[in-house]
Peer 1: 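Dropping the structure in here first, questions after.
Here is the naming used below: chain letters follow the sequence lines, and residue numbers restart at 1 for every chain. As the structure is a computational prediction, the values presented were derived from the model and not from experiment. These values consider heavy atoms only, across backbone and side chains, with no hydrogens, waters or symmetry-generated copies.
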Amino acid sequence: MSAVVNAPAHDHHEDHGHHHKQTFISKYIFSFDHKMVAKQFLITGLLMGIVGIGMSILFRIQLAWPEQSFAIFEALLGKWAPDGVMTPNIYLALVTIHGTIMVFFVLTAGLSGTFSNLLIPLQIGARDMASGFMNMLSYWLFFLACVIMLCSLFVEAGPASSGWTIYPPLSALPQAIGGSGMGMTLWLVSMALFIASQLLGGINYIVTVINLRTKGMSMTRLPLTIWAFFVTAILGLVSFPVLLSAALLLIMDRSFGTSFFLSDIFLDGEVLSHHGGSPVLFEHLFWFLGHPEVYIVILPALGITSEVVATNSRKPIFGYRAMIASILAIGFLSTIVWGHHMFVSGMNPFLGSVFTFTTLLIAIPSAVKAFNYITTLWKGNLQMNPGMLFSIGLVSTFITGGLTGIILGDSTLDINVHDTYFVVAHFHLVMGISALYGLFAGVYHWYPKMFGRMMNKNLGYIHFWVTAVGAYGVFFPMHFLGMAGLPRRYYTNTAFPYFDDLADINVIVTVCAIITALVQLVFIYNFFASMFYGKKATMNPWKSNTLEWTTPVEHIHGNWPGELPVVYRWAYDYSKTNSDGEYVITGQDYVPQNIPMQENEEDLHH
Amino acid sequence: MTVFLVIIVLALLAVTGWQISKIFELSKSPDADTSQVANNKDNENQGKLMMGFAVFLYLLMFYCFWTFTNVTLPDAASEHGGKYDNLMLISMLLIMFVQIVTQALLHYFAYKYRGEAGKKALFYADNDKLEFIWTIIPVITLAGLIIYGLFTWTDIMSVNEDEDPLVVELYAQQFSWTARYAGEDNTLGEANVRFIEGTNTLGVDKEDSYAQDDKVVRELHLPVNRPVLFKLRSQDVLHSAYFPHFRAQMNVVPGMITQFGFTPTVTTEEMRNNGDIVDKVERINDIRRENGDDSYEFDYFLLCNKICGQAHYNMQMKVIVESEADYEAWLAEQATFGESMSEE
């Protein structure tokens, strides 16, 4: 089937190169080309990441040295930090926007937006996405969402400040908190655009993977990156519309007097007319997206890791089919575990039992993935490129963060650690840091493909090691804050004496956070400087098997100058030997997917 | 302290900057390998660093458990809390075991199999037996944990009405808690925010005969060893009633009544003499003396644990667990709802 689809695409390309004259605008701004769209997503995501991480540093400073005056607060927060002391309202706003930006704008759009766009066509052997126009639209809606979210920081009564989960009634009533006025409206508008962007992108990814695979690229020959992006896109398509509906109902409650989520409320000396709604309904709708969302964030990172670990270990990924099965199992299970965020929300305790069961099931495919990564390293010939270091780092943080999930997923144990710093430590390690490592691994690994130049490896090493030490320094001690019973989202922990002795831990966490954040500047410098001064890349610098490395270094519209490559094998024939112990291709420890089966070669896999 | 830390941070930054510039210069030297792909030397160094990192990670974990365990909560002060702590201990031991083994393997392999030019990696694509083993082991362990957890959960969440629990309403509003005892009939009078008026801040129905003996107070007193059933009501936004020492938490949702029941087993007085708490209070008082604050004495508390607005961080209520006699004496002093309404 794919051959039939590709034939016209190929003909189309032939006359393409001759007529099409690209202007600056069509090449760099409103580009249809998936490689350019990917770069746009990446750079926008990184810029949003600087904002998001910067915010976390501000509120970490407040937590370590509560209610002290800092010039940086006065400079950046203005009226929200009279005399340089951060106010409780802006603290909550920073926490909220940090969460929103990191989860959606950096780790969803910046990670899966970038690498799905870049890699899907290149790794399956397609000229471009199924719809270049929708792809462009997807980016520009995302861009607009970013602009609106950033604008919301400057409204009079402050940006949204009811937590990234925006639970009503707090998010619905400006009387309850200032940020729920104009700030919240802009938040909702921004997220609505963001969801539209995700849906346009997601449909495109799915259609492209299903229809545009080149000849010979069966589903079981796809690199694991593509499997991860494919399942991620399906998850997004299933769950994001539910968030949109929740947002729409919330807009109705806020602006048109409906009562989907509000009931029996007395605020500011008067009873509101809302009656009959339930905030618990909102929690269900929100987490129906919210939980798949964390897998939308982590699956692409795991996909990238699979590819980077296999390439740099010079070994096939261990248990390719088990890895696919795990991705599918995680994808499926992730849609039926949302209730574990709501064990103590007041929903029926029986439901809690059901969700405990489904949640702990997810540990099984996750464990299989972790074991498979470790086995892939075993007896490898590990090439310690920066991308590889970040991939190994990801496996480490994914295990550390994943294990505490066993505690939080157990409804009983959740009772006392729910909404404490234990949760904060858990999800930052398992989806925040791990997904960021996936993002970095991807950037270091595919930078030569994106920009035709290499990033500086020594700066990469510094970036990795300081980040690895710093990230554990931030989040490992944080578990103990949670086990001390310290609730999250507290402006200060010293309003009453019981938590006074946690001050030391808070200082350690903040100092580590500042160091870790600063070392990201090394990455930013390396990223932008290498675009201009980096060493020119060769066609296949990591000696990789996948199809993107068969394209020329200079980007061309349509990816391959001649005919599309034909695929004869899976993506993981690293260090494959014939029965006589010699490499299949003499003197080369890898066999790219477009190389036909050789004489004497055993068909070991696929 | 602050100044000291700032200096450390600045010093570290300076070192980082210096190192970066040094390495950057080294990386630019003309005779060096400029391919930016890891070479033998990189593999060697980075592989060793991986092992070094494993050592760091183990030291960090050890240090954290060694020095920070004393800030964690003391033994549970409620009947079900013992089971909770037990399950937590088992789960912790299990995950720390897995953590120690897997991190060791991961980093050791990264070190042991660091690349070398000309070395041949093993083409090893799958092994059904191995994969079966590491699927089935998590299945069995998790099945055990799930079953144990679910029994405990059902036990905690089902309220035994036969035990005649003391019924207390916890009423949440931005940013305070109020408690309403059900009085002699142990039945709370009807209430709704639409009845809020004047001093009737909880919106209790004045016409309801069950309401007359209710007692509205700002401090929670609980008799030791008697089951309590909390009925939770909020007047404005979501809150969460969190009793960390009793291993109890339930959200408070406007428009509905949620509940959580537990039996306190340790009085405030006993808890003050608990070794962990004595140490903790001593440490806190050392810090407070340094800052010139008043000295502190331990009390149980109820916290709000669901973001509820700007003063969320200070929404709390004192909880006192005492003997049945002390509790009765205290309760007798409180005015009933009927009395306080008729005073007006």
Peer 1: Quick check against the 3.5 Å criterion: does A/Trp465 have a side-chain atom that pairs as donor or acceptor with the backbone of B/Phe53?
Peer 2: no
Peer 1: So which of A/Phe357, A/Tyr373, A/Tyr498, A/Phe464 has the biggest tally of heavy-atom pairs under 4.5 Å with chain B?
Peer 2: A/Tyr498
Peer 1: Under 4.5 Å between any side-chain heavy atoms of A/Pro349 and B/Ser158, yes or no?
Peer 2: no
Peer 1: For residues B/Tyr313 and A/Tyr91, establish whether the separation of their ring centroids is below 6.0 Å.
Peer 2: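 No, they do not, as the ring centres are separated by 6.0 Å or more.
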Peer 1: B/Ile146 versus chain A, heavy atoms under 4.5 Å apart: side chain, backbone, both or neither?
Peer 2: both
Peer 1: Which atoms of B/Tyr296 come close to chain A, meaning under 4.5 Å heavy atom to heavy atom: side chain ones, backbone ones, both, or neither?
Peer 2: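 For B/Tyr296, side-chain heavy atoms alone lie under 4.5 Å from chain A.
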Peer 1: More than 12 non-hydrogen atoms from neighbouring residues, nucleotides or ligands closer than 6.0 Å to CG on B/Asn291, yes or no?
Peer 2: yes
Peer 1: Given heavy-atom pairs under 4.5 angstrom as the criterion, report whether the side chain, backbone, both or neither of A/Tyr572 touches chain B.
Peer 2: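 The backbone, not the side chain.
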Peer 1: Identify which part of B/Phe68 has an atom lying under 4.5 Å from any heavy atom of chain A, answering side chain, backbone, both or neither.
Peer 2: both
Peer 1: Would you mind checking which part of B/Thr258 comes under 4.5 Å of any heavy atom in chain A, side chain (CB onward), backbone (N, CA, C, O), both or neither?
Peer 2: side chain
Peer 1: Just by distance, do the side chain of B/Asp236 and the backbone of A/Leu267 share a donor-acceptor pair under 3.5 Å?
Peer 2: no
Peer 1: Given that the side chain runs from C-beta out, which part of A/Val344 has a heavy atom under 4.5 Å from chain B: side chain, backbone, both or neither?
Peer 2: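 Both parts, backbone and side chain.
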Peer 1: Using modelled atom types and a 3.5 Å cut-off, is there a donor and acceptor pairing between side-chain atoms of B/Gln103 and backbone atoms of A/Ser396?
Peer 2: yes
Peer 1: Scan B/Gln174, B/Lys306, B/His312 and name whichever one has a side-chain contact (heavy atoms from CB on, under 4.5 Å) with A/Leu170.
Peer 2: B/Gln174
Peer 1: Does any heavy atom of chain A fall under 4.5 Å from the side chain of B/Ile147, the backbone, both, or neither of them?
Peer 2: neither
Peer 1: With no hydrogens and no angle check, is any side-chain donor or acceptor of A/Asn381 less than 3.5 Å from a backbone partner on B/Lys119?
Peer 2: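 Yes, because the side chain of A/Asn381 sits within donor-acceptor range (under 3.5 Å) of the backbone of B/Lys119.
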Peer 1: Spell out, as yes or no, whether a donor-acceptor pair under 3.5 Å connects the side chain of A/Lys379 to the backbone of B/Leu122.
Peer 2: no
Peer 1: Between B/Gln249 and A/Asn416 (side chain of the first, backbone of the second, donor and acceptor by atom type, cut-off under 3.5 Å), is there such a pair?
Peer 2: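 The answer is no, because no donor-acceptor pair under 3.5 Å joins these two groups.
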Peer 1: Quick one: what part of B/Asn305 sits under 4.5 Å from any heavy atom of chain A, side chain, backbone, both or neither?
Peer 2: both
Peer 1: Is it the case that B/Lys120 places NZ or CZ above or below the six-membered ring of A/Tyr583, under 6.0 angstrom from the centre and within 45 degrees of the axis?
Peer 2: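 Yes, a cation-pi geometry holds between B/Lys120 and A/Tyr583.
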Peer 1: Is any NZ, NE, NH1 or NH2 atom of the basic residue among A/Asp264 and B/Arg194 found under 4.0 Å from an Asp or Glu carboxylate oxygen of the other?
Peer 2: yes
Peer 1: Select one option (side chain, backbone, both, neither) describing which atoms of B/Gln316 are under 4.5 Å from chain A's heavy atoms.
Peer 2: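 Just the side chain, heavy atoms under 4.5 Å.
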Peer 1: Does any backbone or side-chain atom of B/Leu106 lie under 4.5 Å from a heavy atom of chain A? Answer side chain, backbone, both or neither.
Peer 2: both
Peer 1: Is it the side chain or the backbone of B/Glu131 that comes within 4.5 Å of chain A heavy atoms, both, or neither?
Peer 2: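 Interface part for B/Glu131: side chain.
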Peer 1: Distance-only, no hydrogens or angles: does the A/Asn89 side chain make a donor-acceptor pair with backbone N or O of B/Gln310 under 3.5 Å?
Peer 2: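 The answer is no, because no donor-acceptor pair under 3.5 Å joins these two groups.
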Peer 1: With a 4.5 angstrom heavy-atom cut-off, is it the side chain or the backbone of B/Tyr84 that approaches chain A, or both, or neither?
Peer 2: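 B/Tyr84 touches chain A through backbone and side-chain heavy atoms alike.
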Peer 1: For chain A, find which of B/Leu57, B/Ile307, B/Asn314 contributes the most heavy-atom pairs closer than 4.5 angstrom.
Peer 2: B/Ile307
Peer 1: Does B/Gly149 offer a backbone N or O that forms a donor-acceptor pair with the side chain of A/Thr412 under 3.5 Å?
Peer 2: yes
Peer 1: Could you look at B/Phe301 and say if it's the side chain, the backbone, both or neither that has a heavy atom under 4.5 Å from chain A?
Peer 2: side chain
Peer 1: Can you tell me which portion of B/Tyr108 sits under 4.5 Å from chain A's heavy atoms? Options are side chain, backbone, both or neither.
Peer 2: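 No part of it gets close to chain A.
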Peer 1: If every non-hydrogen atom of A/Gln383 is compared with every non-hydrogen atom of B/Asn43, which pair is closest and at what distance?
Peer 2: OE1-ND2, 3.2 Å
Peer 1: Check whether B/Cys308 gets within reach of chain A through its side chain, its backbone, both or neither, counting any heavy atom under 4.5 Å.
Peer 2: backbone
Peer 1: Chain A heavy atoms under 4.5 Å from B/Ala143: which part of the residue, side chain, backbone, both or neither?
Peer 2: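 Contact with chain A is absent: no heavy atom of B/Ala143 under 4.5 Å.
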Peer 1: Indicate yes or no: at least one non-hydrogen side-chain atom of A/Met454 is less than 4.5 angstrom from one of B/Ser35.
Peer 2: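 A side-chain contact under 4.5 Å is absent here.
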Peer 1: Quick one: do A/Arg321 and B/Asp126 make a salt bridge, cutoff under 4.0 Å?
Peer 2: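 Looking at A/Arg321 and B/Asp126, the cut-off is not met.
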Peer 1: Just to verify, which of A/Ile407, A/Leu403, A/Thr404 counts as forming a side-chain contact (heavy atoms from CB on, under 4.5 Å) with B/Ser91?
Peer 2: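 Among A/Ile407, A/Leu403, A/Thr404, the one meeting side-chain contact (heavy atoms from CB on, under 4.5 Å) with B/Ser91 is A/Ile407.
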Peer 1: Most heavy-atom pairs under 4.5 angstrom with chain B, which of A/Thr359, A/Thr87, A/Leu262, A/Asn372?
Peer 2: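 Top count of heavy-atom pairs under 4.5 Å with chain B: A/Asn372.
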